[in-house]
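Have a look at the structure below before the remarks.
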Amino acid sequence: MALSITTKMSQDGKVATLDLVGEIDSLTAREFKKELEAAFVESEKLGTLKYLVLNLEGLEFMSSAGLRVFIFANQTKPDLNIHVIKPQEAILDALEKTGLMHSVKIVSENPES
Amino acid sequence: MQTKTFSGTLDSLSPIRQYLKSIAGNAGVSKKASYNLQLAADELVTNTILYGYEEAGLQGDITIFSEIIEDQLVVTIQDSAVPFDPLSKEMPSKEDLSKPLNERPIGGLGIFLVLNGLDEFRYEFKDGFNFNTLVLYLT
């Protein structure tokens with residue numbers, strides 16, 4: 001299964017929401033990173049990005065390549081709040097075991113919606 | 001023993017996971033253990049493809065052997081890439097893993113996930129091939 005990504009940007013450029021459906025491995029993590037970079041560029045035209053919302057409800061697999069994109073997002077924009085919506089148990093487990101939980105917030109709803 | 005060969009390219013990652021999912025399903029392992037097996041194999045095969053084959057300018061295959069030995073599902077991944085022992089790479093320390101994201105080294109997470117999700121892991125280089133062996137206990 002591949003990865004499909006839908007990006008939504010709030011009108012003030014403060015909130016970028018990425019719906020990630022499918023699987024993130026080393027091949028598809030490249031698309032995730034590209035989409036994220038595009039969202040960063042888009043938000044800069046509108047204002048200052050404060051929240052990155054990653055909807056993982058439809059994500060069935062994520063390897064360390066996906067985790068590295070999380071780290072990339074945080075290192076690119078250290079003040080960004082990363083919110084993760086509804087990760088599946090195995091993905092939540094990886095976020096916990098690798099300590100990424102300290103830097104992201106698990107939420108049940110998009111703060112924008 | 002079951003055997004299947006895949007080309008040593010990133011396009012093979014998804015088919016390899018699908019294959020291991022069916023192997024794990026047939027062996028009756030839990031959903032979580034199946035996921036961990038797929039994740040461990042994905043991390044190892046990714047390293048082989050990116051560093052053992054592509055970066056070294058080599059091409060080759062990934063062959064997966066699987067069998068149930070007593071109460072263990074034993075999956076061995078064979079490749080002809082540059083010799084590489086995943087255990088030789090330094091694992092992130094507990095301290096690294098508790099660091100905020102913006103202070104972290106970016107590597108090492110993969111092998112951490114490999115070892116975290118398996119009951120046993122072995123590496124051997126023999127007759128020109130790397131053999132990574134992944135073991136799940138079935139009881």
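Note that this is a predicted model, so its numbers are computed, not measured. Hydrogens, waters and symmetry mates play no part in the numbers below; they use all other heavy atoms, side chains included. So you know, we letter chains A, B, ... as the sequences are listed, proteins then strands, and number each from 1.
- Between B:Y35 and A:E89, every side-chain heavy-atom pair lies at or beyond the 4.5 Å cut-off.
- A:E23 is not listed as a side-chain neighbour of B:L13, based on a closest heavy-atom distance of 4.5 Å or more.
- Rounded to the nearest 0.5 Å, atoms NZ (B:K31) and CD (A:Q88) are 6.0 Å apart.
- Between B:T9 and A:L27 the shortest side-chain heavy-atom distance does not fall below 4.5 Å.
- The closest side-chain heavy-atom distance from A:S63 to B:L39 is below 4.5 Å.
- Inter-residue side-chain proximity for A:T98 and B:N116 is flagged as unmet; no heavy-atom pair is nearer than 4.5 Å.
- Linking Ile, Leu, Val, Met, Phe, Trp and Tyr whenever their side-chain heavy atoms come within less than 4.5 Å puts B:I62 and B:F121 in one cluster.
- Here the CZ atom belonging to A:F61 is positioned 7.0 Å from the CD atom belonging to B:Q38, to the nearest 0.5 angstrom.
- Under a hydrophobic-cluster definition in which Ile, Leu, Val, Met, Phe, Trp and Tyr are linked whenever side-chain heavy atoms come within less than 4.5 Å, directly or via other members, B:V74 and B:I64 are assigned to different clusters.
- Other residues, nucleotides and ligands place no more than 12 heavy atoms under 6.0 Å from the NZ atom of B:K21.
- Residues B:V82 and B:F125 are members of one and the same hydrophobic cluster, defined by side-chain heavy-atom contacts under 4.5 angstrom among Ile, Leu, Val, Met, Phe, Trp and Tyr.
- Under the side-chain contact (heavy atoms from CB on, under 4.5 Å) test applied with A:S26, the options B:V45, B:T46, B:I49, B:N47 reduce to a single match, B:T46.
- Within 6.0 Å of atom CD in B:E120, more than 12 heavy atoms from other residues, nucleotides or ligands are found, so the atom counts as buried in its surroundings.
- Placement of B:L44 and B:Y123 within a single hydrophobic cluster is found when ILVMFWY residues are connected by side-chain heavy-atom separations under 4.5 Å, directly or transitively.
- Linking ILVMFWY residues whenever their side-chain heavy atoms come closer than 4.5 Å, directly or via other members, leaves B:V135 and B:L20 in distinct clusters.
- Heavy atoms from other residues, nucleotides or ligands lying under 6.0 Å from OH of B:Y51 number 12 at most.
- In this structure, A:M62 and B:L113 have side chains that are not in contact, with every pair of non-hydrogen atoms separated by 4.5 Å or more.
- The shortest side-chain heavy-atom distance between A:D93 and B:K32 falls under the 4.5 Å cut-off.
- Distance check: B:S14 OG to A:L3 CG gives 11.0 Å after rounding to the nearest 0.5 Å.
- Side chain of B:E43 to main chain of A:S64: a donor-acceptor pair is present (N/O by atom type, distance under 3.5 Å, no hydrogens or angles).
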